[in-house]
Amino acid sequence: MKGARRKAAALLAWAAACAAWLPLPATAAWLATVERVSDGDTLWVRPLAEEDRLVKLRLFDVDAPERCQPWGEEATRALRAHVLGRPVRVEPVGRDVYRRVLARVQLEGEDLGAWLVMQGHAWSVGPGGYAGGAYRQQEREARAAARGLHGERDPMRPVVFRRWHGPC
């Protein structure tokens with residue numbers, strides 16, 4: 001009985017620690033300022049409600065090239081120029097395997113994922129992989145216009161790049 005109580009207490013402590021680690025409730029949208037851009041689909045933001053803390057966000061439903069692969073630096077620079085220092089609205093949808101907050105992010109009402117894909121800086125990715133995703137129409141348009149990475153000869157999707165070369 002004592003062992004079961006200890007396990008339950010440890011589990012509750014672990015759950016409380018995990019809950020405290022979340023920047024804000026996972027279902028509520030919140031406002032933040034973009035402080036840093038790590039790569040073409042990852043941002044560091046400062047929530048307006050917690051100005052002493054930075055939160056690492058991964059944009060939901062997009063996959064931008066790794067910084068060390070072709071078009072990776074261009075995607076990073078484009079996102080940085082577009083959002084750095086600006087206020088955004090963050091809509092968390094969960095966490096990824098690296099514990100980053102997965103989120104849809106809006107800048108003045110514009111969906112950043114849609115913008116990245118439309119400009120040719122990222123691919124649309126959904127539950128079925130690269131074949132779908134929320135931004136598949138924007139990707140079709142970017143491909144048709146040979147915009148951004150779609151103007152490159154045979155651009156490699158990041159998932160394939162990581163499989164062949166590992167992380168940057």
Side-chain angles (χ1 to χ4, degrees), residues 7-8 10-69 72 75-76 78-80 82-140 142 149 156-163 166-168:
K7 285 181 184 176
L11 182 60
L12 285 173
W14 177 79
C18 288
W21 190 77
L22 287 171
L24 291 171
T27 57
W30 38 281
L31 301 176
T33 302
V34 178
E35 296 288 326
R36 192 165 74 213
V37 175
S38 299
D39 61 28
D41 53 25
T42 307
L43 310 168
W44 288 83
V45 300
R46 185 174 308 281
L48 296 183
E50 298 182 45
E51 292 187 9
D52 60 333
R53 163 184 212 164
L54 288 177
V55 178
K56 190 174 187 179
L57 299 179
R58 170 71 162 69
L59 295 174
F60 188 62
D61 280 346
V62 300
D63 200 8
E66 298 296 324
R67 284 182 42 174
C68 60
Q69 85 177 90
T76 302
L79 184 58
R80 186 177 292 130
H82 196 58
V83 301
L84 191 61
R86 298 186 68 189
V88 293
R89 183 173 188 270
V90 177
E91 297 173 28
V93 296
R95 290 192 180 270
D96 68 5
V97 296
Y98 303 106
R99 303 212 25 89
R100 296 175 293 192
V101 174
L102 286 171
R104 289 188 176 90
V105 179
Q106 292 183 358
L107 172 69
E108 297 177 354
E110 172 187 59
D111 184 310
L112 284 183
W115 180 83
L116 278 168
V117 174
M118 180 62 107
Q119 297 301 313
H121 297 303
W123 284 270
S124 177
V125 182
Y130 284 94
Y135 311 117
R136 62 184 167 271
Q137 182 58 40
Q138 288 89 342
E139 184 175 326
R140 281 189 210 113
L149 61 88
M156 184 181 293
R157 297 182 191 275
V159 67
V160 174
F161 181 87
R162 287 187 296 268
R163 194 176 311 132
C168 292

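All values below were derived from every heavy atom in this structure, side-chain atoms included, with hydrogens, water molecules and symmetry-related copies excluded.
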query: When you look at Leu116 and Tyr135, which way does the side-chain contact (heavy atoms from CB on, under 4.5 Å) test go after all the steps?
result: CA-CA 10 Å; Leu116 278 168; Tyr135 311 117; over 6 Å; no
- prompt: Under the side-chain contact (heavy atoms from CB on, under 4.5 Å) criterion, do Leu112 and Leu43 qualify, and how do the steps go?
  reply: CA-CA 11 Å; Leu112 284 183; Leu43 310 168; 4.2 Å; yes
message: Please evaluate residues Val45 and Trp30 with respect to the criterion side-chain contact (heavy atoms from CB on, under 4.5 Å), reporting the C-alpha separation (whole Å), side-chain torsions for both, the decisive distance (0.1 Å), and the verdict.
response: CA-CA 11 Å; Val45 300; Trp30 38 281; 3.9 Å; yes
task: Just do the side-chain contact (heavy atoms from CB on, under 4.5 Å) check on Leu79 and His121 with the steps written out, would you?
output: CA-CA 9 Å; Leu79 184 58; His121 297 303; over 6 Å; no
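In terms of the side chain to side chain donor-acceptor pair (under 3.5 Å) criterion, residue partners of Glu110 (sequence neighbours excluded) are, by chain and number, His82.
The two residues Leu84 and Glu35 come nearest to each other via the heavy atoms CD1-O, 3.3 Å. Closest heavy-atom contact between Ala114 and Gln138: CB-NE2, 3.7 Å. Residues Gly126 and Asp61 come closest through the heavy atom pair CA-OD1, 4.1 Å. For Val62 against Ala122, the heavy-atom pair with the smallest separation is CB-CB, 4.2 Å. Contact between Gly40 and Thr76 at its shortest, heavy atoms only, is N-OG1, 3.4 Å. The two residues Lys56 and Thr42 have their closest heavy-atom pair at CE-CG2, 3.6 Å.
In this structure, Arg100 CZ and Phe60 CZ are separated by 13.0 Å, a value rounded to the nearest 0.5 Å. Here CG of Leu59 is found 10.5 Å from CH2 of Trp115. Values are rounded to the nearest 0.5 Å. For the atom pair CZ of Arg36 and CZ of Arg80, the computed distance is 10.0 Å after rounding to the nearest 0.5 Å. Rounded to the nearest 0.5 Å, atoms OG (Ser124) and CD (Gln137) are 10.5 Å apart. For the atom pair CG of Leu57 and CG of Asp96, the computed distance is 10.5 Å after rounding to the nearest 0.5 Å.
For the pair Arg89 and Asp111, the salt-bridge criterion is not met [side-chain N within less than 4.0 Å of a carboxylate O].
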